[in-house]
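See below for the structure under consideration.
Values below: all heavy atoms of this structure, side chains included; hydrogens, waters and symmetry mates excluded. Every chain is numbered from 1 and lettered A, B, ... according to where its sequence line falls, protein lines coming before strand lines.
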Amino acid sequence: MSVVTRFAPSPTGKLHIGSVRTALFSWLYARRHQGEFLLRIEDTDRQRSTQEATQLIFDSLNWLGLNYDREPVFQSHRMENYRAKASALVEEGKAYYCTCTKERLDALREDAIAKKLKPRYDNKCRDLGLKPTAGTPCTIRFRNPIDGTVVVDDMVQGQVDYQNAELDDLIIIRTDGTPTYNFAVVVDEIDMRCTHVIRGDDHLNNTPRQINLFHAFGKAVPSFGHVPMILSPEGRKLSKRENEVSVLEWRSEGYLPEAVLNYLVRLGWSHGDQELFSVGEMIEKFDTKKIHRSPASLDHKKFQWINHQHMMKLSPANAIKMAEPFFKERGIEVDDSQRSQQIFEAQQSRSHTLLEFVEKSVYFFSDVEEYDEKAAAKHLTLKSQPLLAELRQSLEGLSDWKSVAIHAKITDIVQEREIGFGAIAQPVRVALTGSTVSPGIDVTIELVGRDRVLQRIDSAMDWIDKRSS
RNA sequence: GUCCCCAUCGUCUAGUCAGGUCUAGGACACCAGCCUUUCACGCUGGCGACGGGGGUUCGAAUCCCCCUGGGGACGCCA
């Protein structure tokens, strides 16, 4: 039997990273076993589901490269099917109509909590054999077994036993005719022929109910794998308010899709001591047996490090293409010229993210508007002015505009004057970049370009004049 | 309250199933040093954990029980 996994988010907000990780695990499992990975949009809650959120799901998966097979399934398109399946269950005596009102149910729940009992339905309508009548709202409830044990043989949690006595008769069809979560899931799992269900462990407690439903339908129960939740850096539950929760935010912060996958896959899963994985390696090595059972906390520093490692493997051409939108945001049009690529190579080891690369590289593309105050005060001085002048002159006549030749010119001056390399490198750096930080000064000079270099040295010297007068 | 899950450095984790090779290994972060024209990268070293208590055993991070702590579920949300 070939493997079929699925990702089943509800489109009620951002696609947060816990969900993305279960999507990743499901995707990896399917790819690992040459199976299918399906997408199902759980939009039975008409109040909360939105078109925008659905689009966010598509965009996120697309960006990460978590491609799915077949067309996505929308639960909202399958309403008739759920109703028919539920009616069939009623016919067979495995479900029943219930006319209990919401008010009664609420009262029941409050009462149970007050008595410190587990809130559950009291089976009032279970054996009444009610028929739906016009004017009386009614739900359909599943007739859950009264006793016995349900065994969940979980791929990550191991064997977990539940007593049917702990479960109650859950509503499967609401008064408005829509299916509830646990019911729709089971119907879909069956219709989509899912063989493996990998999801967050907040669903572990739903699993025995679902297993009973599978039994009621006389269908094989898929294998379940319940993955622990991801916690905030403080070790608390991820809150939408305090914590970054959307993967798309990571995209706008300049993270690489492969690095996101790498970071996420190592959160709760391991392959010995290996930290860095390409997508291909993840697929090759993924194994549910190695999924950790305890929840993990986010660590931004490690994420940055992983992203940096992937940045180091990026081809310059590719990097420039991916960085293009970030440049555009700053009004800079980059081309795929060799110069652009060299600029990336020069910044590669200095950039954790694409965004950082772009932010650190603007002076290659646009004029230096102002100097960092401290940097200018320290390096743009009357003492360094003659050095700048001499370098300018030396550079002006340089025919071979390459870092090696540039470096030689600086060395000449440095040796002649018996000064340190930094005595000249730092003032030029401030003149060219506005700050004390950049790639090697020879490389920086080469890539800023002759015209700009000469012009910026002039500006710096003017600035010194103005300052000292 | 009831039920379920979890527990190794600050964080991610190896080791736990098949107890000894673990005076607990790796990675991120942090600290110190080296490299050096700045910042990075890189290299070397350092700091740093089996939550607590009982068992079982010649021997426990590993097995059992209790406690504590964290998380989840208990909805006509998913």
Non-neighbouring partners of [X] that pass ring-ring contact (aromatic ring centres under 6.0 Å, His included), sequence neighbours left out:
X	result
A:His310	none
A:Phe357	A:Phe327, A:Phe344
A:Phe286	A:Phe25, A:Trp269

Roughly how many Å apart are [M] and [N], using the [atom1] atom of each and rounding to a whole number?
N	M	atom1	value
B:rG25	B:rA32	C1'	23 Å
B:rG15	B:rU21	C1'	12 Å
B:rC58	B:rC30	C1'	42 Å
B:rU56	B:rU68	C1'	23 Å
B:rG52	B:rA24	P	16 Å
B:rG53	B:rG69	C1'	15 Å
B:rA29	B:rC9	C1'	12 Å
B:rU13	B:rG54	P	30 Å

Between A:Asp412 and A:Lys409, is the closest basic N to carboxylate O distance under 4.0 Å?
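Salt bridge absent between A:Lys409 and A:Asp412.
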CD1-CD1 distance between A:Ile441 and A:Ile424, expressed to the nearest 0.5 angstrom:
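Those atoms lie 9.5 Å apart.
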If you check every side-chain atom of [X], which of [options] has the closest atom?
X	options	result
A:Lys301	B:rU38, B:rC3, B:rC30	B:rC30
A:Val160	B:rC74, B:rA78, B:rC5	B:rC5
A:Asn205	B:rC4, B:rC6, B:rU38	B:rC4

With sequence neighbours left out, write down each residue that passes side-chain contact (heavy atoms from CB on, under 4.5 Å) with A:Arg120, or none if nothing qualifies.
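By the side-chain contact (heavy atoms from CB on, under 4.5 Å) rule, A:Arg120 matches A:Asp168.
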Where at least one partner belongs to residues 130-142 of chain A, residue pairs that pass side-chain hydrogen bond (donor to acceptor under 3.5 Å, both in side chains), sequence neighbours excluded
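Pairs touching residues 130-142 of chain A that pass the test: A:Thr133-A:Thr136.
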Any salt bridge (charged side-chain N to carboxylate O under 4.0 Å, His left out) involving residues 254-270 of chain A? Give me the pairs, sequence neighbours left out, ordered by first then second residue.
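Non-adjacent pairs meeting salt bridge (charged side-chain N to carboxylate O under 4.0 Å, His left out): A:Arg266-A:Glu275.
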Sequence neighbours left out, what pairs pass salt bridge (charged side-chain N to carboxylate O under 4.0 Å, His left out) with at least one residue falling in residues 352-363 of chain A?
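Every pair satisfying salt bridge (charged side-chain N to carboxylate O under 4.0 Å, His left out) with a residue in residues 352-363 of chain A: A:Arg330-A:Glu359, A:Glu356-A:Lys360.
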By side chain to side chain donor-acceptor pair (under 3.5 Å), which residues pair with A:Tyr181, not counting sequence neighbours?
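Here the qualifying residues are A:His203.
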Partner residues of A:Gln385 under the side chain to side chain donor-acceptor pair (under 3.5 Å) criterion, sequence neighbours left out
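Checked A:Gln385 against side chain to side chain donor-acceptor pair (under 3.5 Å); matches are A:Asp465.
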Give me, pair by pair, the N or O atoms of the protein and of nucleotides 10-14 of chain B that are less than 3.5 Å apart, along with how far apart they are.
from, atom 1, to, atom 2, distance (Å)
B:rC12, OP1, A:Ser297, N, 2.7
B:rC12, O2', A:Arg266, O, 3.0
B:rC12, O2, A:Lys302, NZ, 3.2
B:rU13, OP1, A:Gly268, N, 2.1
B:rU13, O3', A:Ser270, OG, 3.2
B:rA14, OP1, A:Ser270, OG, 2.6
B:rA14, OP2, A:His292, NE2, 2.7

Distance check needed: B:rC4 P versus A:Gln163 CD, whole Å only.
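My rounded result for the distance is 8 Å.
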Figure out the CD/P separation between A:Glu189 and B:rA78, and round it to whole Å.
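Distance, rounded to whole Å: 15 Å.
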Heavy-atom contacts under 4.0 Å between residues 408-424 of chain A and RNA chain B, which residues?
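Those residues are A:Phe421, A:Gly422.
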For nucleotides 40-46 of chain B, tabulate all protein N/O to nucleotide N/O atom pairs closer than 3.5 Å, reporting atom names and distance.
from, atom 1, to, atom 2, distance (Å)
B:rA40, O2', A:Ser349, O, 2.4
B:rA40, N3, A:Ser349, OG, 3.1

